[in-house]
Amino acid sequence: MSFWDLIVSLLGQGLVITLLTTVLAAILALVLGFIAGLMRLSKNKLVRFLVSIYVEVFRGTSLLVQLFWIYFVLPMFGITMTALTAAVLAIGLNFGAYTSEVVRSGIQSVDKGQIEASIALNFTKVQRMKRIIIPQAFIIMLPNLGNQLIELFKSTSLVALITLTDLTYQANVLNATTLQTTQIFTALLVIYFVIAWPMTKGMKLLERKMTEGRM
Amino acid sequence: MSEPIVKYNNVTKYFDDLMVLDGIDFEIQPGEKVALVGPSGSGKTTFARLLMTLEEITDGTIEVEGDYLWHEEDSNGELKPASTEHLRKVRSNIGMVFQHFHLFPHMTVLENIIEAPVTVKGIDKKEAIKDGKEMLEKVGLSDKADTYPAQLSGGQKQRVAIARALVMKPKVLIFDEPTSALDPELVGEVLDVIKDIANQGETSMLLITHEMDFAREVADRIAFFDAGKIVEDGPPSEILYNPQAPRLKEFLERFMSTQASPE
């Protein structure tokens with residue numbers, strides 16, 4: 001097969017799964033990250049403690065082991081799921097833990113004067129978070145969230161190891177049948193890069209749009 | 001004399017072991033403009049921040065229009081710490097303009113002004129925009145409605161901040177060194193706006209300031225703070241031209257000499 005044929009063949013069979021896993025896991029990570037990040041700022045000690053367990057467990061163990069655990073170990077406790085669900089869950093939980101730190105530090109780095117102004121204007125705490133603090137914190141978080149998204153996208157190559165037929169899985173299959181190892185894995189590199197690069201650019205663009213004239 | 005709009009009863013404030021306010025009793029009458037002066041660290045800012053609920057009271061009570069700010073009476077008539085609802089209800093009478101403006105950077109000037117009326121008071125957006133534009137005209141910034149704060153000068157930012165506070169129609173408006181962060185040539189435009197509001201009368205004002213001329217012009221009364229106490233309190237003519245307390249005399253002398261000395 002020519003190099004071009006390899007790329008087309010890989011894309012045709014693995015792209016959808018890679019992108020689907022990326023998008024679903026990213027949404028889960030963002031939602032979990034915001035929930036956990038806000039809970040970390042709670043006044044309630046127990047809430048903070050519970051969240052810190054989640055964050056430390058998922059940051060302190062390898063994503064690959066988490067994938068294996070969710071896909072191969074949970075069934076022994078009667079919890080079975082498809083490879084895609086397991087992949088999205090593992091990656092989402094793992095990146096959610098990191099994202100929660102981004103969210104927490106983003107919220108904490110909003111100028112304290114903004115809180116005082118909100119109190120002086122008699123906002124409730126929820127109104128203050130929603131209308132004043134989070135919109136500003138989100139802009140501060142954007143560069144980090146962008147990095148996380150790229151990292152998350154690249155980490156989806158691990159899902160091949162729990163039988164999910166993503167780009168990397170297809171490359172392995174193709175390698176076994178054609179033995180064009182150099183071309184196949186070079187093609188794989190190129191594909192990951194070509195997808196990641198516009199993501200980086202897109203995040204930069206979003207950042208610029210959101211700060212235009214404001215900061 | 002009518003009922004005071006704000007009443008401090010034996011108000012004490014500690015930061016850890018450090019006493020900042022030492023059992024202060026103080027009254028502000030409706031419509032009265034009171035300037036708070038004194039050396040830095042004398043407690044005047046903390047005194048005002050307690051009224052805005054930006055610092056927690058350690059001991060004593062503050063009443064706003066006869067309602068306790070930091071406390072509520074339970075069924076036995078005993079004071080207990082105020083619930084959030086009670087605090088917000090009483091706080092709605094108070095507004096504040098900060099030294100560093102604290103405008104919302106992610107909103108345009110007009111959005112800054114209508115945010116609290118719409119979100120906090122639930123006023124119809126169209127009406128809030130109408131009020132907001134009127135208020136912008138009052139502070140002379142009608143042409144800046146759609147500008148973001150980052151593109152304004154310090155003086156313009158402070159005028160927006162004043163409009164944002166005024167549109168909530170507070171009965172008491174606190175100014176915390178409103179011109180201290182401004183370049184000298186921008187001080188005048190902000191002071192003019194504050195004078196205008198003062199001349200319209202109905203809002204009571206607490207002015208923390210180092211501008212003695214301004215205090216003399218605007219204030220009905222000047223309170224001199226030193227070491228957590230109000231040492232002397234009276235009309236500007238008394239405080240500035242006939243000071244009694246040695247600490248006040250010293251303060252004024254130092255103040256006049258720094259003002260007179262050529263830079």
Side-chain angles (χ1 to χ4, degrees), chain A residues 30 33-34 37-39 41-45 47 102-146 203-215, chain B residues 45 48-49 51-56 84-85 87-109 111-122 146-152 157 160-162 164-170 172-176 181:
Chain A
L30 195 63
F34 262 90
L38 287 171
M39 284 168 77
L41 295 167
S42 162
K43 276 193 182 147
N44 188 320
K45 260 191 179 163
V47 171
V102 174
V103 170
R104 181 189 58 77
S105 73
I107 286 173
Q108 282 180 326
S109 51
V110 173
D111 176 29
K112 296 289 167 281
Q114 296 292 309
I115 296 175
E116 297 200 343
S118 312
I119 292 174
L121 291 166
N122 216 12
F123 284 76
T124 65
K125 274 189 182 170
V126 174
Q127 289 168 343
R128 178 171 90 205
M129 252 318 164
K130 256 171 58 178
R131 304 287 306 171
I132 308 300
I133 305 300
I134 289 180
Q136 293 180 58
F138 189 68
I139 293 172
I140 299 172
M141 293 172 207
L142 262 182
N144 277 325
L145 291 179
M203 290 303 288
K204 280 257 156 62
L205 204 70
L206 183 64
E207 222 180 295
R208 201 167 335 130
K209 267 260 174 282
M210 290 196 71
T211 52
E212 221 164 37
R214 304 184 192 193
M215 299 286 161
Chain B
T45 296
R49 286 170 63 84
L51 180 61
M52 193 67 263
T53 71
L54 297 174
E55 307 288 352
E56 272 185 53
T84 312
E85 294 75 38
L87 191 79
R88 285 190 69 233
K89 192 186 118 233
V90 181
R91 178 167 67 198
S92 67
N93 293 301
I94 316 290
M96 185 156 174
V97 172
F98 298 88
Q99 184 178 355
H100 295 288
F101 333 124
H102 301 329
L103 294 179
F104 304 135
H106 59 302
M107 297 179 183
T108 64
V109 165
E111 285 167 350
N112 260 277
I113 293 173
I114 66 168
E115 177 60 34
V118 172
T119 304
V120 177
K121 282 191 168 173
D146 299 321
T147 310
Y148 285 97
Q151 290 153 334
L152 299 177
K157 281 182 195 166
V160 174
I162 292 170
R164 182 178 69 171
L166 274 180
V167 84
M168 292 297 274
K169 302 189 173 68
V172 182
L173 189 50
I174 301 163
F175 291 87
D176 182 12

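For the numbers below, each heavy atom of this structure counts, side chains included, while hydrogens, waters and symmetry mates do not. Throughout, a chain's letter reflects where its sequence line sits, starting with A, and its residues are numbered from 1.
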field: Interchain contact, B:Arg164 with chain A, by part (heavy-atom threshold 4.5 Å)
entry: both
- request: Please examine the side chains of B:Met107 and A:Pro135, heavy atoms only from C-beta on, and report whether any two atoms are closer than 4.5 Å.
  value: no
- prompt: Say you draw a straight line from OG1 of A:Thr124 to CD of B:Glu85; how long is it, rounded to the nearest 0.5 Å?
  reply: 10.5 Å
field: Side chain, backbone, both or neither of B:Leu87 within contact of chain A (heavy atoms, under 4.5 Å)
entry: neither
field: Residues that B:Phe98 engages under ring pair (Phe, Tyr, Trp, His ring centres under 6.0 Å), provided they are two or more places apart
entry: B:His102
- prompt: Should we count NZ of A:Lys209 as having more than 12 external heavy atoms under 6.0 Å?
  reply: no
Shortest non-hydrogen separation from B:Val120 to A:Leu121 and the atoms involved: CG2-O, 3.6 Å
Results of side chain to side chain contact (heavy atoms under 4.5 Å, CB included) for A:Asn44 - residues two or more places apart only: A:Ser42, A:Leu46, A:Val47
- request: Using the test side chain to side chain contact (heavy atoms under 4.5 Å, CB included), find all partners of B:Lys121 that sit at least two apart in sequence or belong to another chain.
  value: B:Ile123, B:Met168, B:Lys169
- request: Output the residues of residues 126-133 of chain A for which the shortest heavy-atom distance to chain B is under 4.5 Å, in residue-number order; output 'none' if no such residue exists.
  value: A:Gln127, A:Arg131, A:Ile132
message: Which atoms of B:Ile94 are under 4.5 Å from chain A, going by heavy atoms: the side chain, the backbone, both sets, or neither?
response: backbone
query: Hey, what do you get for NZ (A:Lys125) to CZ (B:Arg88), rounding to the nearest 0.5 Å?
result: 12.0 Å
query: How long is the span from the CE atom in B:Met96 to the CD1 atom in A:Ile119, to the nearest 0.5 Å?
result: 10.5 Å
message: Looking at every non-hydrogen atom in both residues, tell me the closest pair between B:Met52 and A:Ala120 and how far apart they are.
response: CE-CA, 3.5 Å
task: To the nearest 0.5 angstrom, please state how far the OG1 atom of A:Thr211 sits from the NE2 atom of B:His106.
output: 14.0 Å
